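Throughout, protein chains are lettered first and strands after them, A, B, ... in sequence-line order, and every chain is numbered starting at 1. Quick caveat: nothing in here was measured; it's all calculated off a predicted structure.
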Number of protein chains: 4
Amino acid sequence: MKSFASDNYAGVLPEVMVALQRANEAHARSYGADDITARTRTLFCDVFDADVDVYFVFNGTGANVLSISSATQSYNSVLCADISHIYNDESAAPETFTGCRFFPLATNEDGKLTTDVIQQRLIRKGDIHYAQTKLLSLTQSTEYGTVYTPDEIQALAMLAHSNDLYVHVDGSRFFNATASLGCGLADVVTRTGVDILSLGGTKAGMLFGEAVVVFNNDLKKHIAYKHKQSMQLASKTRFIAAQFEAMLQNETWRKHASHANAMAQYLAASLSKYPQIKITKPVQANAVFAELPRTWNAPLQTAYPFYIWKDTTNEARLMCSFDTTKEDIDGFIALMAKL
Amino acid sequence: MKSFASDNYAGVLPEVMVALQRANEAHARSYGADDITARTRTLFCDVFDADVDVYFVFNGTGANVLSISSATQSYNSVLCADISHIYNDESAAPETFTGCRFFPLATNEDGKLTTDVIQQRLIRKGDIHYAQTKLLSLTQSTEYGTVYTPDEIQALAMLAHSNDLYVHVDGSRFFNATASLGCGLADVVTRTGVDILSLGGTKAGMLFGEAVVVFNNDLKKHIAYKHKQSMQLASKTRFIAAQFEAMLQNETWRKHASHANAMAQYLAASLSKYPQIKITKPVQANAVFAELPRTWNAPLQTAYPFYIWKDTTNEARLMCSFDTTKEDIDGFIALMAKL
Amino acid sequence: MKSFASDNYAGVLPEVMVALQRANEAHARSYGADDITARTRTLFCDVFDADVDVYFVFNGTGANVLSISSATQSYNSVLCADISHIYNDESAAPETFTGCRFFPLATNEDGKLTTDVIQQRLIRKGDIHYAQTKLLSLTQSTEYGTVYTPDEIQALAMLAHSNDLYVHVDGSRFFNATASLGCGLADVVTRTGVDILSLGGTKAGMLFGEAVVVFNNDLKKHIAYKHKQSMQLASKTRFIAAQFEAMLQNETWRKHASHANAMAQYLAASLSKYPQIKITKPVQANAVFAELPRTWNAPLQTAYPFYIWKDTTNEARLMCSFDTTKEDIDGFIALMAKL
Amino acid sequence: MKSFASDNYAGVLPEVMVALQRANEAHARSYGADDITARTRTLFCDVFDADVDVYFVFNGTGANVLSISSATQSYNSVLCADISHIYNDESAAPETFTGCRFFPLATNEDGKLTTDVIQQRLIRKGDIHYAQTKLLSLTQSTEYGTVYTPDEIQALAMLAHSNDLYVHVDGSRFFNATASLGCGLADVVTRTGVDILSLGGTKAGMLFGEAVVVFNNDLKKHIAYKHKQSMQLASKTRFIAAQFEAMLQNETWRKHASHANAMAQYLAASLSKYPQIKITKPVQANAVFAELPRTWNAPLQTAYPFYIWKDTTNEARLMCSFDTTKEDIDGFIALMAKL
């Protein structure tokens, strides 16, 4: 099966599989005290051009919850997009583990948060009756497949910091976003003032594993303890570290993320030939959003699964992965031609 | 490096690595809706001879916390051994996620819980001021490397059930225990009345991953939601399922667990030749506990890392793994001969 | 000082003070096992015309959090008005104690929830990624001082129940609402299908204390344990029970709530004589919302404290209490005349 | 009824009742912004001879949980006596609200913690797998009715502080303890290094209410927010403050606590005349522990309720209150004479 449902339907990059096999030799200290983890942490400092702390975790929800817990007390609130993964797709894990309130903010038509909506929630500071806002969480690339520019992130971070909020980036597709921007990883976070990043590995082609990258020293104080406590510490950490080492070395990530992004462009271009189809969001990373004739859903989804993002307009979300091929897209388009 | 520190210092079984590579083809539905997960769940029902629910999780703490949360409300308490992993080595994750109180119970000299110590804590039922006891958690094999017999587990389960408690087994080394008993997996849990099992994969030779196996229908009600909420649901679940499939098929687990157990016997036999050394616990699974001359620690640990379990008597815990060889042990013993 | 800031600025009703003194004799069993508590519980069954369970608690946040916790698991979500007290004024207590997600819903211009906004959130049932909606929380009287009719509550309860949700009423001003409706307590909750009620005593003139009234048997299962666990169980419970006994006997509550409501009508009528003032919400209980000239705030608030509810339009919230007098209002209005 | 069951069976001191009535005039700002609260806070600074922060709360569990939450993160552990109220009688409220692990310590024969048992739990500092110990909680007077001397508290506090732990005193009977010591309030806490105190009002003769007194500035940072979040903030705070004002002015507390203590001495002396009765603990505050003939329980408890503390030896706990009279005790003893 090939699908456009999610980039987590894809398997594992060959470079990653090789790295896993190479890491599988003899014994290594557990819980992150091994050599591979040590040198991969150094590699993170290099590629993010900062003295970052790095915590390897199992999945995206774990990365987000750990990030949030490092920046908050239980009486705090978090600002996030109303379409964000932490607001819609992580059960009540964020609340249960951190105790915090989550305030949803409306995004602009590109799925991005803007300073004005944030400003409206920067209220009641010091009022004990109100869950005190302490964290702004952004998603890069956004749920609409768009990409914040470094300038946009910097503006949001400045607003947040000047109001005593930290900034978190949920980067489950951070590699796609950075590849789309054509800049370095550090340009998007280190140089914009982001305090903590959930860096996604799984959707980028790893077997499993994400990394929490901590830029702000304030957030380094408790996080090692929260890492263990949030059930996100792998005993055989070397097998997550080795995957990230493979991803970061020689910018392996960029090659594959750029390919996925290019496939999204090719898909969008192919779809745009159909007058029945309306591309609804700017295609900037590896997602294409498009309104389709509703009757097409069933035959298309049978062959190439995908999700309907918005039922009322039959807007589909079509995700491309590192292993999406032109042939996959051509096959998908060819199927449309018959409908 | 080869070590006797922990079985989580070892890497990945060849059968498991092959299974991971084989699972890495094309796209598969995420979050456990894939074919490999489906057929592995069926395999669990077969090997446990019961209509079990199975939840694949990332690590041992995750397995234990998910198991406990499926059986408790926040005003409950849990009975566990004072030497248990959930009491000593999982931070306050059990409390933070479940809200429950954990009562430590003294074990007998073999590290096992007995009916009399449990009986003493079966108090104040219905008293709202007292965290109501609802779960008994056992460890198989125990922290001392000993193994409960099915009869022992059944007796504890009967006491628990007759007092309205559920029974959880923390089985991070359940394969070692079952191999030691020379019986089937179902004999140890299904037929003894255990309600829920944390079945360890990582220490048995998997790259990562454990399984929560639910026997009691009461505990199946909320657990799917808790699974997600506890940050233990892998998007690419097929890569945990495939490892377990490889472990369970043809009892791959027994071959490797028996080897680790045999190495522990060989190590114990080798150590017992030294009059300076005292074997302190029955060697039943893959651990050897032995008091060593304190001056031996440094030179031995440099070459073969291991942990001192009890400082006052310099009692070492020496763990054997699937990949421990006679040569490793002979080398370790040879090093002793020089001291 | 007399104020229009909040009905919790007022003191204690004379009937309540007498009841407290009368309850203060000799010894009584603690934690609710006393005679006054027993007979007050019976009185609740009478006035609510149902076999209700009653839990006396300390404050409104305690009542709401206990109510919510009795109806939810940690992976659930709660629907509430975006202007509600539980969403804006109880810190993150609801999340920290219950673990749940809270979804804010827009209200209509009268501050009421309607079936259509609820319907839009009745989504993704059974989807483990989404915090499963289990409770609808209404406020009676609303934050705008308006009052749901029994028919309106019944319609919302029917929608909730048909979607497997429970219905909670935050009734910190339930007596004012019921007095406004001119019906019995049972008409508003028992006969409309409400499952659990936070019945406010403090704002109605008690020294402290609220009651959680449980109608639905499902919600009676865990609540006694949660009551203690949520730190809401008074050792000298008789002193909360005695106050409620005084309130419920001979409908003491109605006399005082009706007075407060009448004072709000008198205040609104007095204000409406000023063309510079705009009454913004229907005056149905004991609150008056009115837009004032901004320059009036300082001189008025110095003499009679009140809160500005909405800064952009300088909309004031003016609350009347059981002890608000015509003289207070006349004095307030007279002060306006000088501005 | 008069009883020896608990000092929370007693009602309200006349001085307190007068204070409540006096506080009940006109309107006062809510949530602690009123004048009575302000001047009572100043009074606390005076009597504790320190720049303390004071938070008025509803009950003992609330006071303890708020105190603990001000000093801990969720990955911390707390050391407490295995016979303590927070370990046995507060459900799992401490865990649910703070997330922490609670380690029980054995007490000496007087029910006191000693440096050696504490020392044994000061382990694994910095080890992320172990819930990091951060707080020592003492009970004054103890569960056995004994009283720590200031020197004893100071020695425990020094050990705690030198290991980076804070010290909490659960003082639900702190007034009785201090009256027994014959010193000032500040001598027992301020001058011994205690960081935070739960000061009991209810058992001392208040209608309801306790105070959390914060000595250490570290613990003042978050506590105002936790106060609200833990559902312990009274809207009509003046009615708790006024009671404490009455208790603290002219050492009202000492008069009544000394009386209760004296009654315990009189009771013990009266009991000691019976050879069948064995006084089991030193009588230092307002409790008497005594082994009675088991057959006496029923007739005695019918007239004067009390609790059996230890079933195996039929050891009764007999509590005296501010309103216990010689006549009550003589009546109790006279009843014994007939058995």
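Separation of atoms NZ (A/Lys310) and CD1 (A/Ile308) is listed at 12.5 Å; rounding is to 0.5 Å.
Nearest heavy-atom pair across A/Ser84 and A/Thr139 is CB-OG1, 4.1 Å.
Taking C/Ala131, C/Ser91, C/Ala92 one by one and counting their heavy-atom pairs under 4.5 Å with chain A, the maximum is reached by C/Ser91. When the candidates A/Arg124, A/Gln132, A/Glu90 are compared by the number of heavy-atom contacts under 4.5 Å with chain C, A/Arg124 comes out ahead.
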**OP:** Show your reasoning for whether ring-ring contact (aromatic ring centres under 6.0 Å, His included) applies to C/Phe103 and C/Tyr130.
**Re:** CA-CA 12 Å; C/Phe103 286 119; C/Tyr130 186 76; 5.5 Å; yes

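Looking at C/Asp127, neither its backbone nor its side chain comes within 4.5 Å of chain A, counting heavy atoms on both sides. Using a 4.5 Å cut-off between heavy atoms, C/Ser77 makes no contact with chain A at all.
Side-chain N/O atoms of A/Glu210 and A/Thr202 include a donor and acceptor closer than 3.5 Å.
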